Amino acid sequence: MPEYSLISRIGSLKLESPLILASGILDENGYTMKRILEEGAAAVVTKSIGSVERPGFTPPVVAEMDDDLLNAIGLSNPGIDHFGGEIFIARSIGKPVIGSIFGATAEEFSSLASKMQSYGADAVELNLSCPHVKGVGSEVGSDPALVEEIVGEVKSKVSIPVFAKLTPNVTDVVAIAKAASRADALVLINTVRAIHIDIYARKPTLSNAYGGLSGPAIKPIGVRAVYDVYKETGKEIIGCGGISGFEDVMEYMMAGARAVEIGTALKTSGRSIFDRIKKDIISFMKSERIESLEEIIGAGVSR
Amino acid sequence: MPEYSLISRIGSLKLESPLILASGILDENGYTMKRILEEGAAAVVTKSIGSVERPGFTPPVVAEMDDDLLNAIGLSNPGIDHFGGEIFIARSIGKPVIGSIFGATAEEFSSLASKMQSYGADAVELNLSCPHVKGVGSEVGSDPALVEEIVGEVKSKVSIPVFAKLTPNVTDVVAIAKAASRADALVLINTVRAIHIDIYARKPTLSNAYGGLSGPAIKPIGVRAVYDVYKETGKEIIGCGGISGFEDVMEYMMAGARAVEIGTALKTSGRSIFDRIKKDIISFMKSERIESLEEIIGAGVSR
Amino acid sequence: MIHADIIRKEKISPTVFTLYFHWNATVLPGQFVMVWAPGTGEIPMSLSHLGKEKAFTIKNYGQTSDKLINLEPGERIFFRGPYGRPFSASKGKTLLIGGGSGMASLHPLIKIGSSGLIAARTKDELLFMDEFEAGKVIATTDDGSFGIKGNVLAGLKQLDLESFDMIYACGPEIMLYSVYNHLKDMKVDAELSLERMMKCGIGVCDSCSINGFQLCMDGPTFTMDQLRYMNEFGSEKLTFSGKRVKVP
Amino acid sequence: MIHADIIRKEKISPTVFTLYFHWNATVLPGQFVMVWAPGTGEIPMSLSHLGKEKAFTIKNYGQTSDKLINLEPGERIFFRGPYGRPFSASKGKTLLIGGGSGMASLHPLIKIGSSGLIAARTKDELLFMDEFEAGKVIATTDDGSFGIKGNVLAGLKQLDLESFDMIYACGPEIMLYSVYNHLKDMKVDAELSLERMMKCGIGVCDSCSINGFQLCMDGPTFTMDQLRYMNEFGSEKLTFSGKRVKVP
Ligand SMILES: Cc1cc2nc3c(=O)[nH]c(=O)nc-3n(C[C@H](O)[C@H](O)[C@H](O)COP(=O)(O)OP(=O)(O)OC[C@H]3O[C@@H](n4cnc5c(N)ncnc54)[C@H](O)[C@@H]3O)c2cc1C
Ligand SMILES: Cc1cc2nc3c(=O)[nH]c(=O)nc-3n(C[C@H](O)[C@H](O)[C@H](O)COP(=O)(O)OP(=O)(O)OC[C@H]3O[C@@H](n4cnc5c(N)ncnc54)[C@H](O)[C@@H]3O)c2cc1C
Ligand SMILES: Cc1cc2nc3c(=O)[nH]c(=O)nc-3n(C[C@H](O)[C@H](O)[C@H](O)COP(=O)(O)O)c2cc1C
Ligand SMILES: Cc1cc2nc3c(=O)[nH]c(=O)nc-3n(C[C@H](O)[C@H](O)[C@H](O)COP(=O)(O)O)c2cc1C
Ligand code: FES
Ligand code: FES
């Protein structure tokens, strides 16, 4: 009987499984990240950190819609200079911690990336895709020239792997992916721009009105983005969006992802989701006679 | 006690309620449209008709995902010259029939629109937004200059109201809406580009791989598009996407829609959905002391 | 999609095969599924066997059916469903009228005591004849190679139709329309299972509709009373592209 | 969001109001909801009354609480929940230790026979004192305007704490930390309801976390045994922006 190994590789990063905690969910406090790593995640991505402290938006910052979630946290963060301690706590267990950063210019991104590297982050993820904050996030991430400049600048400044997280809120995600091609891997997708109105209050539920939709609703959109970019660029991809079970992980991998990030499902399934999915993937590999996950990466893409 | 009237107006079209059957769902056969009008829809939009007969894609053309649906019917249609009979049958009950058309050029659209008018269609809806067919649909609908040309050309050729149906698969829906501003109303949104892979077949479920996502999953995306376009342009809007209950209709109207189109929910709720929602809207108007639906159009938009 | 492995395959005529598989679901006679041959197509298919072991009985008609009947035991089939309104259950004397592969959908209704009238172009295409009790089944063939020479009407004329408590029929529309016309002024209860183009199976695409009814949801079985109000029945239908044409 | 109309409003101190409403749901003592004042903000709030008539007891603290206490009967409130782990039910002799508006969350636990220790800055801020039986409740005020002058410790020292079967406490973290330290080597069962910044209430934003536990899901109530392993308790927490600061 073969050994079923879940070991995954993204750029030069080696992971014990393809399952990573997504940015922005339970990853502001170092102790929380540490606990999630202890309880089964192969790596965590920190929440997105900027150059200066930002309070983010006033609550309501989330609206639950069954298992889906609309959020406009507003990139609340303590500023990069106050985040080293959290990375230090999170890394104490010895698994990879990926530092997510956001900014408006190539210089800002590269300075943030250098600081993340100096804190010991094992990779850096460029958030080019937050859908609800003006001037950063998806406004940056829908401009191919700027994306190219940011990725190039960061790559020239740090030695740790660089992941570029892209937004689905564009006409042509492949064009943006090509612009980001110097990244070691692409992360697809961030949330989808959306609104919920409370009809009894006659007001948008989120204080910011606009938010980002996550959860099962966006899975087919994420799978499409991964499929598209894998087919057209062949780049290494981390899939993200609406994953809550092993089927979703397998689907993303067959669309071309080498690993995945899981966020919103933590809300419904709790931290045990990582261990549950790992077990289920192994059962699937057994019954489908898959010896290595490498076999299925992109296996569902018709060329 | 006030009379609760659901009468709605879009352009010069008067509707007994704001509830319209969306294009592509149960509207290929004239008898089906007639029956849906008899059973409660205020109007129907025909499936999108082109210049020549098109078989569309080979099944599987739909994939069910709980209450959501992924489809790539592929604009199958008999060609405009064979569609007059269906419109004739559908119109026999005396309610408005809106002819949906698709094409690649302004000339094609305007010739189709003229034929729809000659068949007696009460309005024409320009499908600028089908997400899964190359060369027509959303490829056309994401080019502002072409959108402007098509809408202008059609407006100059027909006297019936012209609705432009836009795609959410663009970076900036407001820019497209502005390009379409000569239309009497905008229809927002068509389906969202998506993929589903069957992990046991290791193949996309749809024969075309890419499809359009509809149903509850896309409602927050549709509401966002309506909100955005209403806020930025003030145009008359027909909301569409994921509507299955009166709450959804009220939400779209508070975001700025004057009427709505309902598609996928027919699958789960059947044709009785129109009558059920009408009853529920009236109860809501009573308990929320709304005398006319005009009061709530755009009421949830913060300016 | 549901998937299952083929456990057995039987050739029951030169062009018709039965594929057996395990599927733990309740399916009623007359219901159907959409069967997917990845890379080829997806087509509506009745279940000819409804026990713990289920089966499709498939006629080699074109691309997708051909792909399916060429699958071997151990290979995987994909389908979704069950869909549609089943034949209504009925006690008493029943007559099954099947034309061509329409017998597949009637097969689960064959019981001790059921009578059958099977119509086909030629002897080879008469399905499931030997599952009826001796003397309980008659056949018609267009070419006279077996049974009565002629179409279904020739068979109908030989039967005391009003003696049956329920008649179930399935086959090409032209045949069903003959059955309908022959029965419509008689005192008989009958349900006919129609065929139309089916793309979605779930009541959205409208390709299977007949006078506002969707075969995939409201049918494929209809009662005589329902058919009475359908002027498209036996007369017009839409093609794969949605073009209105005469029923052949 | 759930919505309800305010049916009654009571001023129970110069800065604290109780708003009553109907909500047909089971909420257990210690659980909370996120209350939304459209256009202003959304804040975590315990329910002080849990019968068919439910209520919030709200201290005027800042923007959102101010907006809420200025609502009048007939106006609408919005909230979502209930969230969080309730206090565990317990039989026997119970002591409730409340600081400031922390008494709101303990209020549903006041029963015949319960004892209370209420701590506040000044007399006016002592909540729900008269709901305890005479002789069963003691108070401390920082300014000595009522009861014992001093903080909660001064009160704790007056009680035979090991005589209680269960102690429930709720209030500012600094007070709870004193309570914890005072009790930690005693033979007593206690549950403390903590307060942290809460943005989501549903376990995603991490703003309410303490040593990897989310107050909104795993808390806000914690047992003495859980608190023993929390080095952030009484020591550090994250601000609204996520900056690590000392607990005041
Ligand atoms: C409710 C129902 C139950 C059926 N049960 C059986 C059965 O048990 N056994 C059996 O042998 N046949 C059955 N049929 C008929 C069977 O579906 C057709 O023979 C089959 O669709 C032919 O497809 P093909 O790809 O082999 O042929 P092709 O001619 O290659 O088909 C061309 C295209 O047309 C489509 N197509 C052709 N006919 C139909 C149709 N009737 N409905 C939908 N799409 C069609 C196919 O999807 C294909 O893409 C049933 C049909 C219906 C409606
Ligand atoms: C589980 C729990 C139960 C509570 N129950 C009660 C109760 O029953 N009665 C009562 O009076 N108070 C209660 N509180 C405290 C109450 O939530 C705060 O007083 C309130 O958040 C202050 O908000 P504000 O907008 O009025 O003040 P501001 O100072 O204007 O608040 C500024 C911002 O900070 C946020 N904020 C401030 N404090 C908190 C906090 N603790 N959590 C989350 N966000 C905060 C607000 O959302 C606001 O946007 C409870 C707190 C928690 C965690
Ligand atoms: C509450 C919340 C906060 C988020 N914050 C961030 C963030 O700071 N940076 C980022 O790149 N993505 C952020 N995201 C997006 C997620 O990382 C992820 O891309 C998205 O939620 C889709 O995955 P999911 O459906 O598994 O949640 C956030 C998502 C949620 C729900
Ligand atoms: C099966 C199917 C076919 C469709 N065909 C068309 C079409 O021909 N033309 C068009 O403009 N929209 C078409 N649509 C999109 C719908 O009209 C509608 O915009 C979309 O489904 C979102 O609404 P819903 O969630 O209520 O279904 C189709 C949708 C479905 C599900
Ligand atoms: S097959 Fe699509 S409506 Fe029946
Ligand atoms: S309040 Fe967001 S995790 Fe607890």
Side-chain angles (χ1 to χ4, degrees), chain B residues 22 24-39 46-47 49-50 52-64 69 71 73-79 81-83 85-86 89-90 196 198-207 214 263-268 270-271, chain C residues 1-5 33-45 62-65 67 75-81 83 196-218 229-233 235-245:
Chain B
I25 293 93
L26 295 179
D27 49 9
E28 173 170 278
N29 185 318
Y31 292 106
T32 309
M33 293 188 266
K34 177 165 175 258
R35 186 163 178 206
I36 286 172
L37 290 169
E38 280 163 0
E39 297 191 15
T46 69
K47 80 179 305 183
I49 304 297
V52 293
E53 183 174 1
R54 249 183 88 92
F57 299 128
T58 302
V61 290
V62 295
E64 273 192 283
L69 193 65
N71 94 81
I73 303 282
L75 294 174
S76 109
N77 81 96
D81 294 335
H82 295 101
F83 202 66
E86 310 307 324
I89 295 166
H196 180 263
D198 187 301
I199 61 171
Y200 295 95
R202 302 193 194 176
K203 280 214 160 50
T205 307
L206 301 183
S207 69
S214 60
T264 303
L266 275 276
K267 163 175 90 77
T268 18
R271 294 173 290 259
Chain C
M1 288 278 176
I2 302 156
H3 66 271
D5 288 343
V33 298
M34 296 295 292
V35 191
W36 179 35
T40 308
E42 189 192 43
I43 55 177
M45 201 49 64
Q63 230 186 330
T64 306
S65 49
K67 179 76 175 275
E75 290 193 274
R76 210 170 244 181
I77 46 171
F78 297 86
F79 52 90
R80 56 191 174 93
Y83 297 129
R196 288 275 150 130
M197 200 54 69
M198 280 193 182
K199 291 187 177 181
C200 75
I202 52 174
V204 308
C205 76
D206 207 24
S207 68
C208 70
S209 295
I210 177 163
N211 283 95
F213 290 89
Q214 283 70 57
L215 246 73
C216 63
M217 304 285 284
D218 305 316
Y229 296 97
M230 296 186 179
N231 64 314
E232 285 188 286
F233 176 48
S235 138
E236 290 182 338
K237 62 175 186 179
L238 303 191
T239 64
F240 194 79
S241 69
K243 187 147 102 188
R244 187 172 289 275
V245 294

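Numbers restart at 1 for each chain; the letters A, B, ... are given by sequence-line order, proteins then strands. Quick note: numbers below take in every heavy atom, side chains included, and nothing from hydrogens, waters or symmetry partners. These numbers were taken from a predicted model, which means no experiment stands behind them.
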Between Arg76(C) and Tyr200(B), is there a side-chain heavy-atom distance shorter than 4.5 Å? yes
Using non-hydrogen atoms and a 4.5 Å limit, figure out which bit of [X] sits close to chain C: side chain, backbone, both or neither.
{"X": "Glu28(B)", "answer": "both"}
{"X": "Leu266(B)", "answer": "neither"}
{"X": "Leu69(B)", "answer": "side chain"}
{"X": "Glu39(B)", "answer": "neither"}
{"X": "Thr268(B)", "answer": "neither"}
{"X": "Arg271(B)", "answer": "side chain"}

Check ring pair (Phe, Tyr, Trp, His ring centres under 6.0 Å) between Tyr31(B) and all other residues, then give those that pass, not counting sequence neighbours. none
Best-contacting candidate, [options], against chain B by heavy atom pairs under 4.5 angstrom:
{"options": "Thr40(C), Thr64(C), Asp218(C)", "result": "Asp218(C)"}
{"options": "Ile202(C), Thr239(C), Ile43(C)", "result": "Ile202(C)"}
{"options": "Ser209(C), Gly212(C), Gly39(C), Cys205(C)", "result": "Gly212(C)"}

Portion of [X] that has a non-hydrogen atom of chain B nearer than 4.5 angstrom:
{"X": "Met34(C)", "value": "neither"}
{"X": "Phe240(C)", "value": "both"}
{"X": "Gln63(C)", "value": "neither"}
{"X": "Ser207(C)", "value": "both"}

Run the salt-bridge test on Asp198(B) and Arg80(C) with the 4.0 Å N-O cut-off and return the result as yes or no.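 Not counted as a salt bridge, because no side-chain N and carboxylate O are separated by less than 4.0 Å.
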Partner of Asn29(B) under side chain to side chain donor-acceptor pair (under 3.5 Å), chosen from Glu236(C), Lys237(C), Glu232(C): Glu232(C)
Could you check whether any side-chain N or O of Ser207(B) sits under 3.5 Å from a backbone N or O of Thr58(B), counting only pairs where one atom can act as donor and the other as acceptor? yes
Nearest-0.5 Å distance, CG of residue Asp27(B) to CD of residue Glu86(B): 11.0 Å
Return the SG to OH distance between Cys216(C) and Tyr83(C), rounded to the nearest 0.5 Å.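 Answer rounded to 0.5 Å: 9.0 Å.
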Ignoring hydrogens and angles, state whether a donor on the side chain of Asn211(C) or Arg35(B) is under 3.5 Å from an acceptor on the partner side chain. no
Specify which of Glu53(B), Lys267(B), Lys203(B) makes the most heavy-atom pairs with chain C at under 4.5 Å. Glu53(B)
Non-neighbouring partners of Lys34(B) that pass side chain to side chain contact (heavy atoms under 4.5 Å, CB included), sequence neighbours left out: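 With neighbours one apart ignored, the set is Glu38(B), Ile89(B), Ser92(B), Ile93(B).
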